[in-house]
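Everything on this sheet refers to the single structure shown next.
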Amino acid sequence: MLQVFAGDPFLARRSALRALAERRSTDAGLEVVRLGEGLEVDRLREALGQGGLFGAVLVFVDLDEAYAGGANVERTAAIDALAAAAASADAIVVDAAATPARQRRWRDLGRLEMLATPRYAQLQRWIAQELREAGVAVRGDVAGALADLFGDDLPGIAGEVEKLALLDGAVTPERAREVAQRPAARSAFDLVDAIAAGDAAAALRIARGLTDLGEAPVRVMAALTWQLDLVARCAALALRDPAMAPELAARELGTSPYPTRKAWSAAAGLDEATLAEVVARAVDADVAMKTGRDAVWALESAVLDLARQFAAARPAPRSRQGPKAR
């Protein structure tokens, strides 16, 4: 039987590894063949065919790791090999990036578990569940604090929950922020402020300051993208109801008040066309970083472009002139 995990890359891989650990705990004699980076289709076929010859064999296949750079022809051949052996093979497969067509095929071949990336209210519920499962005692909105700090950086949140689980006593939002010490997350608000003000020089200075401190550009971009996505959602609400207050927007979006107020202020006066351009530019930068391009250059060029987009969208300030001298 094929058990396939897709959707959010972190959640899919973690769930697949947990399924593997569970199988190992219930079958001490289980032989596991793990295939990922450098996967060869012939080796996969060989592993899938071992079950009837040498006893219980579980094949763990990470297609995302194997074909991170593309290689769609090889990916298709690997999936075909899994399909041919589906009736008799025992395999756990990670295919986080599965297209709708591949998802349908996986459902036909075995069991597919789709794990969507949690957003906003769902994100805070997910964090709260992570805290409960880790046995972290909390006092106050710790889940909201972690969402504010990390955005949708799920690996970062999971790692932070592990750290909090080692502390004695109840964890408060203030203590969670103190323990996190996340310059990228803390400065994402400042970065958004500079971009929203159209201050390209200040935005670039903040971005460079973060990378100079050792913060990975991809993490800075992740925090920035999360904030910009919230700006876009606030702008959409403001266009629908200009009289809406930020506090009501936070309740409607399921987000914490502080980042929502910041995003609401940044969204003031933006139109749909500008919003589309801003979101597209942030996505382009994120894709560039994750496809092997220079991450620092992608971050800095995105920050400059975004600041210019906001500057162009804002009305020019009216000059104040005193009474003309006679």
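Any value given below was found using the heavy atoms of this structure, including those in side chains, with hydrogens, waters and symmetry copies removed.
Contact check for Pro118 versus Ile127: no side-chain heavy atoms found under the 4.5 Å cut-off. With contacts defined as side-chain heavy-atom distances shorter than 4.5 Å, the pair Leu237/Arg233 does not qualify. In this structure, Leu224 and Val192 have side chains that are in contact, with non-hydrogen atoms separated by less than 4.5 Å. With a 4.5 Å cut-off on side-chain heavy atoms, Arg261 and Glu247 count as touching. In this structure the side chain of Leu131 reaches within 4.5 angstrom of the side chain of Val142, judged on heavy atoms.
Minimum heavy-atom separation, Val171 to Leu164: CG1-CD2, 4.1 Å. The minimum heavy-atom distance linking Val231 with Ala267 is given by the pair O-CB, 3.5 Å. When every heavy atom of Ile206 is checked against every heavy atom of Ala194, the shortest pair comes out as CD1-CB, 4.2 Å. Across Ala307 and Ala200, no two heavy atoms sit closer than the pair CB-CA, 3.6 Å. Here the closest non-hydrogen pair linking Ala158 and Arg14 is CB-NH1, 4.2 Å. The shortest non-hydrogen separation linking Leu11 to Ala116 is CD1-O, 3.7 Å.
Note that CG of Asp64 and CG of Asp95 are 6.0 Å apart. Values are rounded to the nearest 0.5 Å. Here Asp199 contributes atom CG and Arg205 contributes atom CZ; the two are 7.0 Å apart, rounded to the nearest 0.5 Å. Atom CG in Leu112 sits 10.0 Å away from atom CD in Gln3 (nearest 0.5 Å). Atom OG1 of Thr172 is separated from atom CZ of Arg177 by 9.0 Å, given to the nearest 0.5 angstrom. Separation of atoms CD1 (Ile195) and CG (Leu204) is listed at 10.5 Å; rounding is to 0.5 Å. Leu230 contributes atom CG, which lies 10.5 Å from atom CH2 of Trp264 (distance to the nearest 0.5 angstrom).
Sparse packing is recorded around CD of Glu272, with 12 or fewer heavy atoms of other residues, nucleotides or ligands lying under 6.0 Å away. Residue-environment remark: CZ (Arg111) stays at or below the threshold of 12 foreign heavy atoms within 6.0 Å.
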Worked verdict on Asp108 versus Arg105 for salt bridge (Lys or Arg N to Asp or Glu O under 4.0 Å): CA-CA 5 Å; Asp108 291 339; Arg105 190 175 189 189; over 6 Å; no
Please test Leu58 against Arg24 for side chain to side chain contact (heavy atoms under 4.5 Å, CB included), starting from the C-alpha separation and ending with a verdict. CA-CA 10 Å; Leu58 172 64; Arg24 278 176 160 162; over 6 Å; no
Show the numbers, then the answer: is there a side chain to side chain contact (heavy atoms under 4.5 Å, CB included) between Arg107 and Met114? CA-CA 11 Å; Arg107 288 191 180 96; Met114 285 294 300; 3.9 Å; yes
Begin from the C-alpha positions of Arg102 and Thr76 and carry the test side-chain hydrogen bond (donor to acceptor under 3.5 Å, both in side chains) through to its verdict. CA-CA 10 Å; Arg102 293 213 303 271; Thr76 299; over 6 Å; no
Walk me through it: do Arg34 and Leu20 pass the test side chain to side chain contact (heavy atoms under 4.5 Å, CB included)? CA-CA 10 Å; Arg34 294 186 60 162; Leu20 174 61; 4.3 Å; yes
Would you please test Gln129 and Arg132 for side-chain hydrogen bond (donor to acceptor under 3.5 Å, both in side chains) and show each step? CA-CA 5 Å; Gln129 180 63 28; Arg132 285 193 295 271; 2.7 Å; yes
Could you walk me through whether Gln124 and Asp141 pass the side chain to side chain contact (heavy atoms under 4.5 Å, CB included) test, one step at a time? CA-CA 9 Å; Gln124 293 194 38; Asp141 188 14; 4.0 Å; yes
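Placement of Val93 and Leu39 within a single hydrophobic cluster is found when ILVMFWY residues are connected by side-chain heavy-atom separations under 4.5 Å, directly or transitively. Under the 4.5 Å side-chain heavy-atom criterion for grouping Ile, Leu, Val, Met, Phe, Trp and Tyr, Phe10 is connected to Leu146 within one hydrophobic cluster. Clustering ILVMFWY residues whenever any of their side-chain heavy atoms sit less than 4.5 angstrom apart, transitively, puts Phe150 in the very cluster that holds Leu167. Hydrophobic clustering of Ile, Leu, Val, Met, Phe, Trp and Tyr side chains at less than 4.5 Å, counting indirect connections, keeps Leu304 apart from Met289. Both Ile157 and Val138 belong to a single network of hydrophobic side chains, linked directly or stepwise wherever heavy atoms of I, L, V, M, F, W or Y lie under 4.5 Å apart.
Look at Arg23 and Asp90 and you find a salt bridge, because one of the NZ, NE, NH1 or NH2 atoms lies within 4.0 Å of a carboxylate O, short of that distance. Using a 4.0 Å cut-off between charged nitrogen and carboxylate oxygen, Arg281 and Asp284 do not count as a salt-bridge pair. A salt bridge links Glu252 with Arg240; the closest basic N to acidic carboxylate O contact falls under 4.0 Å. With respect to Arg175 and Glu178, no salt bridge is recorded, no charged nitrogen being found less than 4.0 Å from a carboxylate O.
Counting only distance, with no hydrogens or angles, the side chain of Thr211 and the backbone of Arg208 share a donor-acceptor pair below 3.5 Å. Here the side chain of Gln103 pairs a donor or acceptor atom with the backbone of Ala98 at under 3.5 angstrom. A donor-acceptor pair under 3.5 Å is formed between the side chain of Arg75 and the backbone N or O of Tyr67. At least one donor-acceptor pair under 3.5 Å links the side chain of Ser301 to the backbone N or O of Ala298. Listed for the Glu113 side chain is no donor-acceptor partner under 3.5 Å among the backbone atoms of Phe5.
Of the options Ile79, Val94, Val4, a side-chain contact (heavy atoms from CB on, under 4.5 Å) to Leu63 is made by Ile79 and by none of the others.
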